[in-house]
J.: 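One structure follows; several queries about it will come next.
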Amino acid sequence: MRLSLVSSLFAAALAVVLGACGEQRSARSPSLDINPDRFTFARLTVGESAEDEVTVSNTGQGDLIIRSIALRDESTAREFTLRARAADGVLSEAPDAVTLAPNERLFLVVSYTPTDESVTADRGAVVLETNDATQLTAEIPIGGGDQGAEIVVSPLDIDFGAVDAGRTAERPVEISNIGVGTLIVSGLTINGSSDFTLLENGEPLPDLEGAPMEIGPSESRTLTVVYAPMLPGPDGAELIVYSNDPRQPETVVELSANGAAACIRVIPEDVDFGASLVVADTAPETPTPNRESLIVESCGGSALEVESIEIAGADAAYFRVAEVFESNPDAASPLFVLPAAVDGQPAPARTIALEFRPTEERVYGARLLIKSNTIPDVTEVVLFGRGVENQCPVPTSSTESYDVAPLDIITLDGSPSNDPGGEVVEWRWSIVSRPDGSVAKLVESYSDDTHPADGGPDDDPATPEARFFVDVAGQYEFELIVVDELGQESCEPLATARVTVSAVPDKDLHIQLVWTTPDDPDETDMRGTDVDLHLRHPMANGGWNTDAGAYDCYFANKTPDWGAQLDPADNPSLDIDDTNGAGPENINLARPEPVTYDVAALYFRAESALGGDDPTVEHLSLVTVRIYARGELLAEWLDKEMQHRADLWFIASVRWCEDLTVCPEIVTVDELLSEAEYDLP
């Protein structure tokens, strides 16, 4: 039975009032919970052992202080042992005292090993002294030796198969006592379909409350479960047997029938859109953020055929099934079919998208009617929601501008964003503008902060922060849009928050290399062409690569020692080496010597398996190089065409001196040389 919204609110209010009249407890009080409430052992022969476990929990809000944990062993020969079990299953001596934080648990284990044939029942208890005002002293009884009744019910699963409406089928169920004491069956209950009944010797069972069924040791009683369906369709129930078996006071027998019939299950049973944003009108083309999903599952032994889905009720116009089902030329054809369920496998299912378009602030309700080949043939799902006016969330960044050096990592933080009428749940960062050659992406985190060029997982809009690797010098601009829990995006006049980043080299000499390859569909993946940046010292004597000895700074000689020995200030450094398509590569020099340096780019790998191409095919790349002196861009060469492996582009010479009025001086060379032309003999 479903309660109306008004009834639900009344019930909630009544619960609050009743709760206020009950026992008053401190909000920080501890609460002792013991489950199960005793240690129970069946009769064992001498030398046998058994264990039973009890969980002691703190279900309150304050710390539960157990001042004392003591075993009171009343067995004939001290046959009980108390231990504690850790979360990993390891048993150790039980503590004398312990403090449990809220929701923390202690697992106590009692072992029982009888050492004599005494007819006297072995008894005992675990005694706890606590600060729970309602249970200052708590005893957990230990019983062993004379709980001899032991129940066995067979079978535990009865399937009647297919039974036509109006007919009857019968199945036996046997209750046996394999213990040494008398088994007392105090109740037999069938929960579920009323088409199942229970007989003994063809007669209904008497009420067991006043005269329980007694079954002696090694004896049994056979009952009959009768199934008499009035209508076709799947049926199910549980037969529950209540007894004095201390280890199994309730035994459940699963009953099922007509499992071959079609069966439908909807999840959830009711669809609550909650507080939903008011929209302009109910037209299907009107955008709405108010969406929910309904899952239809096939749970029977036959295929589920859904014939129609309709929305009824006074507010039906405000709800809509968003999915458009393919039209069937045969009017008798179902909307869709789900195959029969198979044991041990996920239920066949289909998700139905639902939309809600309230046009004013009030409560709405309707019914979704699913007609299928089940009994009954119409399944009803209640739809309800409440229209609310919503204010736009406001995007705000913790920092509006950054002044950084190239190769720094920045964190864009939108956590100061707020929603006047709700909660911000999405932070959508995007790159508005960046310098030419920058290929870095917004990420949630870096797989390795020491190698940010390798990237990391894409930025997660469910968190306010995004990280960005400032891969080249220049100006960047980022934008933040936020979304609230109703799907409302930030809107004018505060639709976006902007963050600017100025990346200025902090070294006296900064050289930057980037390139693009038109044949490369993704220049950020692990496949692509490789162009290498080179800075040569005059002591290289005209050579490049290995011909220059230690006087060419490039990927194989990233941090050479030039100038004054062991002085890092006059040593160049290749700070980033990109090998898979687009760059950047950067060489920095903090304090150049008064010499003339040479700058070049070498096409190290022009061939690559781009998009499934032949890996021996050479691909054209467009190469750009920029030279900065003391943070200022002095020269740049754009989109130089390079295509052949081992070609070297001798770009320019940079003359450095102490006189800032004439130095640095850049002399453009711009020569494209084959390997044979620059390789020294």
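We use all heavy atoms of the structure for the numbers below, so side chains are in, but hydrogens, waters and symmetry mates are not.
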J.: If the condition is salt bridge (Lys or Arg N to Asp or Glu O under 4.0 Å), which residues does Glu593 pass it with, not counting sequence neighbours?
T.: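 Counting only residues at least two positions away or on another chain, Glu593 forms no salt bridge (Lys or Arg N to Asp or Glu O under 4.0 Å).
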
J.: Once you measure the plane-to-plane angle for Phe356 and Phe319, does it fall in the parallel (<30°), tilted (30-60°) or perpendicular (>60°) bin?
T.: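 Parallel, since the angle between the ring planes stays under 30°.
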
J.: With sequence neighbours excluded, tell me which residues meet ring-ring contact (aromatic ring centres under 6.0 Å, His included) with Tyr318.
T.: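 For Tyr318, the residues satisfying ring-ring contact (aromatic ring centres under 6.0 Å, His included) (neighbours in sequence not counted) are Tyr364.
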
J.: Do Arg434 side-chain atoms and Ala440 backbone N/O form a donor-acceptor pair below 3.5 Å?
T.: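 Yes, the answer is positive, given that a donor and an acceptor are paired below the 3.5 Å cut-off.
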
J.: Verify whether one side chain among Gln475 and Ser502 offers a donor that lies under 3.5 Å from an acceptor in the other.
T.: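 Note: Gln475 and Ser502 side chains meet the donor-acceptor criterion.
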
J.: Using salt bridge (Lys or Arg N to Asp or Glu O under 4.0 Å) as the criterion, list what pairs up with Arg265, not counting sequence neighbours.
T.: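 By the salt bridge (Lys or Arg N to Asp or Glu O under 4.0 Å) rule, Arg265 matches Glu297.
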
J.: Report yes or no: does Asp520 contribute a side-chain atom to a donor-acceptor pair with the main-chain N or O of Thr517 at less than 3.5 Å?
T.: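 Side chain of Asp520 to backbone of Thr517: no pair is present.
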
J.: Under 3.5 Å, side chain of Asp532 to main-chain N/O of Ala600, donor-acceptor pair present?
T.: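 No, because the side chain of Asp532 does not come within donor-acceptor range (under 3.5 Å) of the backbone of Ala600.
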
J.: Applying side-chain hydrogen bond (donor to acceptor under 3.5 Å, both in side chains), can you list everything that pairs with Thr99, at least two apart in sequence or on another chain?
T.: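 Not a single residue meets the side-chain hydrogen bond (donor to acceptor under 3.5 Å, both in side chains) criterion with Thr99.
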
J.: Residues in ring-ring contact (aromatic ring centres under 6.0 Å, His included) with Phe469, at least two apart?
T.: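 In terms of ring-ring contact (aromatic ring centres under 6.0 Å, His included), with neighbours along the sequence ignored, Phe469 is linked to no residue.
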
J.: Between Thr411 and Asp413, does any side-chain donor sit less than 3.5 Å from a side-chain acceptor?
T.: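 No, Asp413 and Thr411 have no side-chain donor paired with an acceptor closer than 3.5 Å.
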
J.: Could you give the side-chain donor-acceptor pairs of residues 504-513 under 3.5 Å, partners two or more places apart or in another chain?
T.:
from   : atom 1 : to     : atom 2 : distance (Å)
His510 : ND1    : Asn588 : OD1    : 2.5
Gln512 : OE1    : Arg626 : NH1    : 2.8

J.: How would you list, by chain and number, every residue that makes a salt bridge (Lys or Arg N to Asp or Glu O under 4.0 Å) with Asp315, sequence neighbours excluded?
T.: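 Counting only residues at least two positions away or on another chain, Asp315 forms a salt bridge (Lys or Arg N to Asp or Glu O under 4.0 Å) with Arg362.
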
J.: I need the full list of side-chain hydrogen bond (donor to acceptor under 3.5 Å, both in side chains) pairs touching residues 274-285, with sequence neighbours left out, sorted by first then second residue.
T.: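 Sorted result for residues 274-285: Asp281-Thr286.
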
J.: Output every pair passing ring pair (Phe, Tyr, Trp, His ring centres under 6.0 Å) with a member in residues 394-441, not counting sequence neighbours, ordered by first then second residue.
T.: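 Matches after skipping sequence neighbours: none remain.
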
J.: Under the side-chain contact (heavy atoms from CB on, under 4.5 Å) rule, collect the residues that match up with Asn103, sequence neighbours excluded.
T.: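 In terms of side-chain contact (heavy atoms from CB on, under 4.5 Å), with neighbours along the sequence ignored, Asn103 is linked to no residue.
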
J.: Restricting to salt bridge (Lys or Arg N to Asp or Glu O under 4.0 Å), what partner residues turn up for Asp460, sequence neighbours left out?
T.: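 With neighbours one apart ignored, the set is empty.
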
J.: Not counting sequence neighbours, which residues clear ring-ring contact (aromatic ring centres under 6.0 Å, His included) with Tyr476? List them please.
T.: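 Tyr476 satisfies ring-ring contact (aromatic ring centres under 6.0 Å, His included) with Phe468 once adjacent residues are dropped.
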
